[in-house]
Each structure stands twice: as structure tokens, then as C-alpha cells.
Amino acid sequence: MGWKETLAVWLGLEEKRVAPARGALPFVATSSDARPVASDWSTDKAITEGLKSSTWVYTACRRISTALASVPLVVQRRQGDEWEPDPGHPLQALLDRPNPFMSRQDMLERWALHLELGGNALWHKVLVGGKPVELWPLAPDGIKPIPSRLGFISGYEWRQGSDQKTLDAGEVLHWQFVDPSTPYWGLSPLKAAAQAVDTDLAAVKWNRAVLANDGKPPLAVFLSDQLDPTQQELAARFIQGQIDGNSVRKALVLGGASKAQPLSMNAAELDWLEGRRMSREEIGAVFGVPPMLMVAGQDVTYANLDASKRILWEDTVVPLLDDLCQGLGMGLLPHWGAERTHRIVADLSGVTALQENMKDRAEAAKILVEAGFPINAVNQRLGLGFAPVDGGDVPRQPVLPAQAPPGTKALPPMQSKGVRQRKDRGDPPESVTERLARLDKWIAEARPRISELLLEQGSAAASAYASGQPWEPELSLDDWQALLEALHVAVIESEGGIGYAELLKVITSSGGGGTFDVLADGVVEWIDEHVGDMVKGITDTSKTALRAEIKAGVEAGESEAEIAKRIRVLSDEWSDWRADRIARTEVGSAFGAAHDQAARQIGVPMVKTWVATGDDRTRDEHAGMDGETVELDDSFSNGAGTAPHGVNCRCVTTYEEKGR
């Protein structure tokens, strides 16, 4: 038996019973065979005296458990050399909802807390037909592993009150922090930190005494020599009975005392604060939580806080997630015979602390692509996480540095705001006709991709409804997010560059310079906000329309198959007129944003003018605004910041230097 198989059986994650290979030496003594292994550590006691008593233990455990539980677990299927999500696999549904009363987050938080406090985390698999249908956490103090000569662990003894049962090893998932002295039961980090916790709790009690009695006995009472031993003992008991938490600042009156002297203690004896700080750092080190994350104070800055969060994830949470996923894979995938075809991974894409500055990586990507490197290779090398693009494996023609028009001074955008002189007006700005022609080309390119996504989602929704499954999840927000982001970035990069170059033609040497930056904050913010709104709007519209069709079908007494056909017919219709409408609206919005951002990046005071197309498709309201000019930061009379504005609008906004 190989080491992986041996470890699987050792951890109770493999159902098969395989005898050791001939000549293999036993890993542990076999004298305890068939007798449950007892532990000298109590998880319940760790919870009571550690988690519920120590602020540092609670903070450290809470940091780890909430971070770990926030990460989705994903079932992936091997496709050649790649791994792809398999959302339809039954195991994915089990991981998302382990049992009727607990969510994935509930289970994972409890998993992490049991492991950190007790050194062991155990789950019970409820098997039906040989496959797990529910997962339940087991209290570590109520279960004991049963060693076996052949398989390390033959089962687990479970006790709860007067109830007792022996669970087969194949019914239990068991994770542990390795204790070198035994392979059967894990070592709790809290056990290693016990003395630091006790010291800290003592410091807390001392602090309470400080608050109650000023940190010292209030008086030293010197008794008269005339008192005999019996009288001195009575006087001492009387004094001790009065000097307690309720006697703060109260004087004592004792007959026969010759004098009373206040007492004080030196600074070293009262320096409990430093002791607590040392306890915090020691406990944090044991649990793998940087001290900066366990307290908020004057030493905390955004820089070191971000660094501490990254350390917590990289050094503690991610390794724990790896352990979790490996244990789940070894213990659950064999039930479907999917050990070689599937795996369980943690989706870390949403963890902010693990993401390097996206803007910095995007800027590096832009430089590499402009230098001639293939887009897909750059995407993979920098780990941007985007899907490969068609044609992205072919290097682009290197982009040479843009040459500013004669007489201009190349300065970073928005750097110089001094007086600018106008250049010769012999170079007119780009004509509206040329801009509209480019707009139509972009619409023609975007329409089939939007149409394809509408058809794909409609078909998936119809299939889900026909099979009795929820159809709303098929209208994926992520698909629209990816498509619209790619569309807007491409349009704004292209059109913004054109608009920027045209504006430079009428700016003199005191003007801006350089090239249009599609990664500027203003551009990124606009795309994020606009795409987010549009994705929700498109999806909500689809859901509303499909619900109406389903309702009409139900009221007409149609079967599920007939209603599914309704959904497909509607999505077919959408792939025509609705795809065109979305394409025109989104491309038009990107065109307007591109020229607006180009004007802002020029770096001189600008004004903008509404130009109506003037054909029979122009709205009366927009035609009446033709020629309206406002400041760059102001809105037009209809409330729009730029043109185009609204569905299918084909008006444009032109820009020129203020006072020209």
C-alpha cells in the first residue's frame, strides 16, 4: 500500500481495507488494537476555558474560521490538461448545503474551530445507496478512533449521553493537526498555548483587582504590642474581611492600632499591560494569526494591516483549505468513482487579500501586449484570470510611442493647468459622420456575441424548466459581466485613443500629451459602475419576461415541455431585436464615455457640446438640444452627462478647449 493510501486509511478517509505489503514494518504498536484511543485533551474544556474566556484565543480563532468559511468550494472535472467547474455534479450540491440545518459556512466555521481548539475535526457521512446525502459535524470529545492492525483505524466509537455506537471508518471524515506521538488523534494548538492563555487570564484578573482596589492593599495595619496572639488573630480576620472589592477608598478604624500606613507597589509589579501584549503575540503565533489582526490601536496602518491580512491567508488559511479539500476529495469522490476525473478546490478568486493590485498588473499587461506579446500568454503569465480570447495567441504588432503633434509638449494627463494658447485651427476635429460609422461597425461586431449569449441562456433556462430544476440560475450574471466588460474596455480603448489624438490637434505646447490611458481611475470606475447596473438590468428584464411566459403557459394548462418551448421561442426572438437593442445601447454608452474620458485626460479646461444626428430617428427632445454647450463637469439640460443618452440614441458629444 502506497503512502497516500496508507495516509487515507490512517485519517479514516478511505473505505477500503488493504493489508500492509509483505515485509512492511508496522507504523505503530499494535497492542491497542480494537481498543478506542483516549485523549487527555478536552475540546469542550478548550471552548470553555479558552475560546469563551480569552479575548486573544477568541480573536485568533474567529479570524481563521470566518476567513476560511467565506471561500466557496468547487467541484472540478478534468478536461484534457485543464480543470473546469462541474456545477451539475451531486457533490457540488452536497458541499453547498451539507445538511438541511447547516449551510456550507456553518459547517466550515465549526470545522475550523474544532481543529484549532481540539486538534481534530470530524464529519459523519449519511450514506444512502452507497453515496453521501448529508454531512454532519461530530463533537470531538464524543468520539474515539479504534486502531486496527490492517487499516490503522477500523472505526470510531461514538458516545452521546447514554447512547453509544460504532461507526465504520468509511462513514467518518477525520482531519487532524499531526501529533508525532500518535497517528490516531491530533494535537490542539491551544494545548501548546495553554500556559500563555493561563498567564493572560491571570493578567485579566489582576487588572480587575487594580480597578477594584487600586492594584494594592490599601493599608498596612500595625497592631499594638499590647494585643495578645488571640486578639491579633481576631483583628487580622476583621481587617481581611473589610479589605475587599467593596472597600475601595474606605478607611479602617481599629481599636488598639498604633498606626496605619498606605502601601504602594513599584512599576514592575504593575506592568501587567506588557504581559498581556506578550501573551497576545505568543497566542497569535501558535494559531498563525499576525498580532496586528488581533488588536486595533495606534500601531495599525492600512499598509501593515493589508500585509498582515495577506500573511494570515497565505500562511494559515490557504494551507487549511488545502487540507480541507484533500480530505473531502479522498473521502467523498470515491463514492462516485471520480477520484481520477474530479477534484475539490477552494475558489480563492474573491479573496481581496490574495489579489495583487489589479491596476498594476493590468498596466504591466498593457505594456507587454503593446511590446508584441500575445494577449493570452500575458493573461496567463500575470494571472489576470480572464478567459482566453479568440486570436489571443497571435502576437500583436508592437505599438510605437505616440508622437505628439508639432509644437506640443508631452506631459502626463492632468498635470499642467496653466494658460494655454490655441494652435492653428487648420486641423478640424473629427466629423460626426466618421464617428457614427465607427459606432455602427462596433455594433455589428457586438450584436452576434450578445445574440449568442441570449440564446445560450434561454436554452439553458428552458432545459432546466423542462427537467423540473430551477431555471433562474441559468441566467448567469457572470456571463453578462464578462461580455460587457470586454466590450466596454475594447470600445473605450479604441475610441478613447482616437478622441484623445483628435483633441491634441487643437491643443498647443502648453497642453497635455502622451496617449489615452484606458486603465485610468476614471475609466475603470465608469466601467465597473455602468456594467454592474446594466448586468442587473438585463438579467432582471429576462427574468420578468420569462416569468410572464411561464405564468401564461400555466394558466393555459400547458405541460412543462410546452412551457419550455415558450421559453425557447422567446429567447429566439430576443436573439434578434433585443440583441440589437442591447448592442446599440452599450456601444453607444461606451462611445460617450470614451470621448468624455479622453477630454478629461487632456489636462486643459474643456467644454462639451451636444450634437444631434438630425435624421428621422432622432428624438425631438434631443434634436432640440442640438448645439447646447456646457462645462465639462456639468450635465446637459436633460440631465445627461454625455451623449449618446438612452436606448438607441445616436447623438454625439464634441469637446473643445474652454474659451477657444
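Bear in mind that the values here come from a model prediction, so they are computed numbers and not experimental data.
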Inset, instruction - Output yes when a side-chain donor or acceptor of T316 lies under 3.5 Å from a complementary backbone atom of G288, and no otherwise. - result: yes
Inset, instruction - Look only at the side chain of R104 and the backbone of V71, and say whether a donor-acceptor pair between them is shorter than 3.5 Å. - result: yes
Legend entry - Criterion side-chain hydrogen bond (donor to acceptor under 3.5 Å, both in side chains) against K125, the qualifying member of E134, H335, E171: H335
Legend entry - Check: L312 and F287 side chains under 4.5 Å, non-hydrogen atoms: no
Inset, instruction - Over 60° means perpendicular and under 30° means parallel, so classify the ring planes of H342 and H89, tilted if in between. - result: tilted
Legend entry - Under 3.5 Å donor-acceptor, S463 side chain and S459 backbone: yes
Inset, instruction - Measure the acute angle between the ring planes of F101 and W136, then classify it against the limits of 30° and 60° as parallel, tilted or perpendicular. - result: tilted
Inset, instruction - Output yes when a side-chain donor or acceptor of D106 lies under 3.5 Å from a complementary backbone atom of S103, and no otherwise. - result: yes
Legend entry - Any donor-acceptor N/O pair, S70 side chain to A67 backbone, under 3.5 Å: yes
Inset, instruction - Keeping the roles fixed (side chain from N120, backbone from Q176), state whether a donor-acceptor pair exists under 3.5 Å. - result: no
Inset, instruction - Over 60° means perpendicular and under 30° means parallel, so classify the ring planes of W185 and H174, tilted if in between. - result: tilted
Inset, instruction - Would you tell me whether Q326 and D322 have side-chain atoms, one donor and one acceptor, within less than 3.5 Å of each other? - result: no
Inset, instruction - Would you kindly say whether S476 and D478 are connected by a side-chain donor-acceptor distance under 3.5 Å? - result: no
Legend entry - R97 side chain vs P100 backbone, donor-acceptor pair below 3.5 Å: yes
Legend entry - Lys/Arg-Asp/Glu bridge criterion (N-O < 4.0 Å) met for E109, R62: yes
Inset, instruction - Please name the pair of heavy atoms, one in A464 and one in P470, separated by the smallest distance, quoted to 0.1 Å. - result: CB-O, 3.6 Å
Inset, instruction - Examine the side chains of D44 and S42 and answer whether a donor and an acceptor come within less than 3.5 Å of each other. - result: no
Inset, instruction - Please answer whether the main-chain N or O of G329 pairs with a side-chain N or O of E339 as donor and acceptor at a distance below 3.5 Å. - result: no
Legend entry - Residues W123, L328; criterion side-chain contact (heavy atoms from CB on, under 4.5 Å); working and verdict: CA-CA 10 Å; W123 288 359; L328 288 172; 3.6 Å; yes
Inset, instruction - For the pair D86 (side chain) and V75 (backbone), establish whether a donor and an acceptor sit closer than 3.5 Å, ignoring hydrogens and angles. - result: no
